[in-house]
Amino acid sequence: MVTLVHIALASLASLTLGAPAPNPDAVKVTYLHSLSTSFGTVPLDAVTLSYDREHHEIFVTGDGPARVFNESGMEIFIFEDDPRIGSARAVASLDGGDLLVLSLLESRTALVRCSFRGEFIARVEMSGVPADFANASYSVMRQRGGRLYLADLNAMKVLVVDGEGRYVASWDLAPLLEVGDQREDYGIRGFNVDKDGSILFTVQALFKAFVLSPAGDLRAFGTRGGAPGKFNVVSGIARDDAGNFYVADILKSVVNVYDPEFRFVREFGYRGRGPHNLAAPEDLAVADGKLFVSQHARKGVSVFQVVQQ
């Protein structure tokens, strides 16, 4: 049976056949610093990252209270515990300066509007959401073009709403990948959205990364293996404004870089004690010429400068 994934892979092979080899120096990556306070690096563990392009700030969730760091990588704010907000899973900046928090509230997913200081304003009720998506357990939220993309990683479902919680679109990724009733055995590991509104995600069990366009076109890249450019235990994914892809590999402790045609460019990180080394990288965020990499082993979030040659 020919699937969308098979078609995409065949098309990719035909596009890259005979194409010039990628330049390993096309994307230069240099370690800058780690997210810190005045006392040193914050020992965060496998946190989720959300970048605010307007204010050049990074939101960190998933290891205690939500934290905000400025463009220099210094912590400037920590959300106070507020039962009306619940446990913050992700944070996005809205037009006008308010924040929208995806939280776990009373054992259910909730959207809460807050001030830029994390002070409760109101609960945002989602409307017009299809029944199959209304009760999903969303744990990741990305923002692009005034839209919010919520992902239930285990159920492989993505819901798109506007800043007021109104339904825009939804995607059930399991049928596209033909995993059927095994969706929870596969699941999504890395999830992101690029500047064009394409959904980026990785599936560890398939050793692949995927790009789903707003029109529903699905493309895939990646093969299993330990050599440079191949996937072992794939995790976070992101795409910069030049179209390059970044995919983290937990087991290899590297971030792989691919060009817009999915051709491998380079990898960086590796296990080690140096500040430029990585420890099981998890989530990624890229913007303003910087790549943020969250890690396990309480190594925190490393920030790298990305330069297009």
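By convention here, the first residue in the shown sequence is residue 1. We use all heavy atoms of the structure for the numbers below, so side chains are in, but hydrogens, waters and symmetry mates are not.
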Minimum side-chain heavy-atom gap Phe304-Phe268 below 4.5 Å
yes
Residues Leu153, Val140; criterion side chain to side chain contact (heavy atoms under 4.5 Å, CB included); working and verdict
CA-CA 8 Å; Leu153 303 181; Val140 182; 3.9 Å; yes
For the side chain of Asp152 and the backbone of Ser137, is there at least one donor-acceptor N/O pair under 3.5 Å apart?
yes
With rounding to the nearest 0.5 angstrom, report the CG to CD1 distance, Leu278 to Ile250.
12.0 Å
Can you tell me which residue among Tyr31, Tyr51, Phe69 is in a ring pair (Phe, Tyr, Trp, His ring centres under 6.0 Å) with Phe292?
Tyr51
Inspect the contact between Glu261 and Arg219 and indicate whether a charged nitrogen and a carboxylate oxygen are less than 4.0 angstrom apart.
no
Of the non-hydrogen atoms in Gly197 and Pro214, which two are nearest, and what is the gap between them?
O-CG, 3.7 Å
Any chance CD of Gln308 has more than 12 other-residue heavy atoms, nucleotides or ligands included, within less than 6.0 Å?
yes
Rounded to the nearest 0.5 angstrom, the CD1-CZ distance for Ile237 and Arg189 is 13.5 Å
Short side-chain to backbone donor-acceptor contact, Thr202 and Gly236, under 3.5 Å:
no
Validation row: Val286, Leu284 side chains within 4.5 angstrom (heavy atoms):
no
Evaluate the side chain to side chain contact (heavy atoms under 4.5 Å, CB included) criterion for residues Ile58 and Asp52: first the C-alpha distance (whole Å), next the side-chain angles of each, then the deciding distance (0.1 Å), finally the verdict.
CA-CA 6 Å; Ile58 186 88; Asp52 179 357; over 6 Å; no
Charged N to carboxylate O below 4.0 Å: is that the case for Asp82 and Arg84?
yes
If you measure from the Lys or Arg side-chain nitrogens to the Asp or Glu carboxylate oxygens, is any gap between Asp98 and Arg113 under 4.0 Å?
yes
CD1 (Ile188) and NZ (Lys157) are apart, to the nearest 0.5 Å, by 11.5 Å
More than 12 heavy atoms from other groups under 6.0 Å of CG on Asp185
yes
When rounded to the nearest 0.5 Å, the distance separating OG of Ser36 from CD of Glu75 is 9.5 Å
Quick check: do Ser34 and Ser302 have side-chain heavy atoms less than 4.5 Å from each other?
yes
Are any non-hydrogen side-chain atoms of Val211 and Phe245 less than 4.5 angstrom apart?
yes
Check the hydrophobic clustering (I, L, V, M, F, W, Y; side-chain heavy atoms under 4.5 Å; chains of links allowed) and say if Trp171 and Leu150 are grouped together.
no
Between Gln295 (side chain) and Ala280 (backbone), is there a donor-acceptor pair under 3.5 Å?
no
Flag side-chain contact, heavy atom, 4.5 Å: Ser198 against Val193
no
Same apolar cluster (I L V M F W Y, side chains within < 4.5 Å links), Phe77/Phe59:
yes
Using a 3.5 Å distance criterion without hydrogens, assess whether the side chain of Asn277 forms a donor-acceptor pair with backbone atoms of Gly269.
yes
Does atom NZ (Lys28) have a neighbourhood of more than 12 heavy atoms from anything else shown, all under 6.0 Å?
no
Without swapping roles, check the side chain of Asp283 against the backbone of Ser294 for a donor-acceptor pair under 3.5 Å.
no
Of the non-hydrogen atoms in Arg239 and Pro260, which two are nearest, and what is the gap between them?
NH2-CB, 4.2 Å
Using modelled atom types only, decide if a donor and an acceptor are shared between the side chain of Lys195 and the backbone of Ala242 within a distance under 3.5 Å.
no
Between Asp172 and Arg183, does at least one N-O distance fall below 4.0 Å, as a salt bridge requires?
yes
Close side-chain approach of Phe210 to Leu173, heavy-atom, < 4.5 Å:
no
Starting from the C-alpha separation in whole Å, work towards a yes-or-no answer on side chain to side chain contact (heavy atoms under 4.5 Å, CB included) for Asp288 and Glu71.
CA-CA 9 Å; Asp288 293 340; Glu71 59 184 324; over 6 Å; no
How long is the straight-line distance from CZ of Phe79 back to CD of Glu119, given to the nearest 0.5 Å?
10.0 Å
Could you tell me if the side chain of Tyr246 sits less than 4.5 Å from the side chain of Val27, heavy atoms only?
yes
Decide yes or no for Met141 and Arg89: does some side-chain heavy atom of the first lie under 4.5 Å from some side-chain heavy atom of the second?
no
Check whether any side-chain N or O of Thr48 sits under 3.5 Å from a backbone N or O of Gly62 as a donor-acceptor pair, and report yes or no.
no
Under 4.5 Å between side-chain heavy atoms, counting indirect links through other Ile/Leu/Val/Met/Phe/Trp/Tyr residues: same cluster for Tyr149 and Val203 or not?
yes
For the student: nearest non-hydrogen atoms of Ala110 and Arg123, plus distance:
CB-NE, 3.4 Å
Exceeds 12 heavy-atom contacts within 6.0 angstrom, atom CZ of Arg144
yes
Heavy-atom closest pair (Ala136 atom, Thr109 atom, distance to 0.1 Å) is O-OG1, 3.7 Å
Identify the heavy atoms of Leu148 and Gly163 that sit nearest to each other, and give their distance.
CD1-CA, 4.2 Å
Out of curiosity, does Leu94 fall in the hydrophobic cluster containing Leu159 (side-chain heavy atoms, cut-off under 4.5 Å, transitive links)?
yes
Side-chain heavy atoms under 4.5 angstrom apart, residues restricted to Ile, Leu, Val, Met, Phe, Trp, Tyr: same cluster for Leu99 and Phe120?
yes
Checking the side chain of Lys208 only, and the main-chain atoms of Gly222 only, is there a donor and an acceptor separated by less than 3.5 Å?
yes
Atom CZ of Arg298: over 12 foreign heavy atoms under 6.0 Å
yes
Donor on one side chain, acceptor on other, Gln143 and Ser50, under 3.5 Å:
no
Determine whether a donor-acceptor pair (N or O, by modelled atom type, separation under 3.5 Å) exists between the side chain of Asp63 and the backbone of Val47.
no
So, for Gly274 and Lys299, which heavy atoms are closest and what is the spacing to 0.1 Å?
O-NZ, 3.4 Å
Under a 3.5 Å distance rule, please check whether Asn70 uses its side chain to pair with a backbone N or O of Glu57 as donor and acceptor.
no
dist Glu125:CD -> Leu111:CG (nearest 0.5 Å) comes out at 9.0 Å
Show the numbers, then the answer: is there a side chain to side chain contact (heavy atoms under 4.5 Å, CB included) between Glu282 and Asp45?
CA-CA 9 Å; Glu282 184 64 62; Asp45 187 73; over 6 Å; no
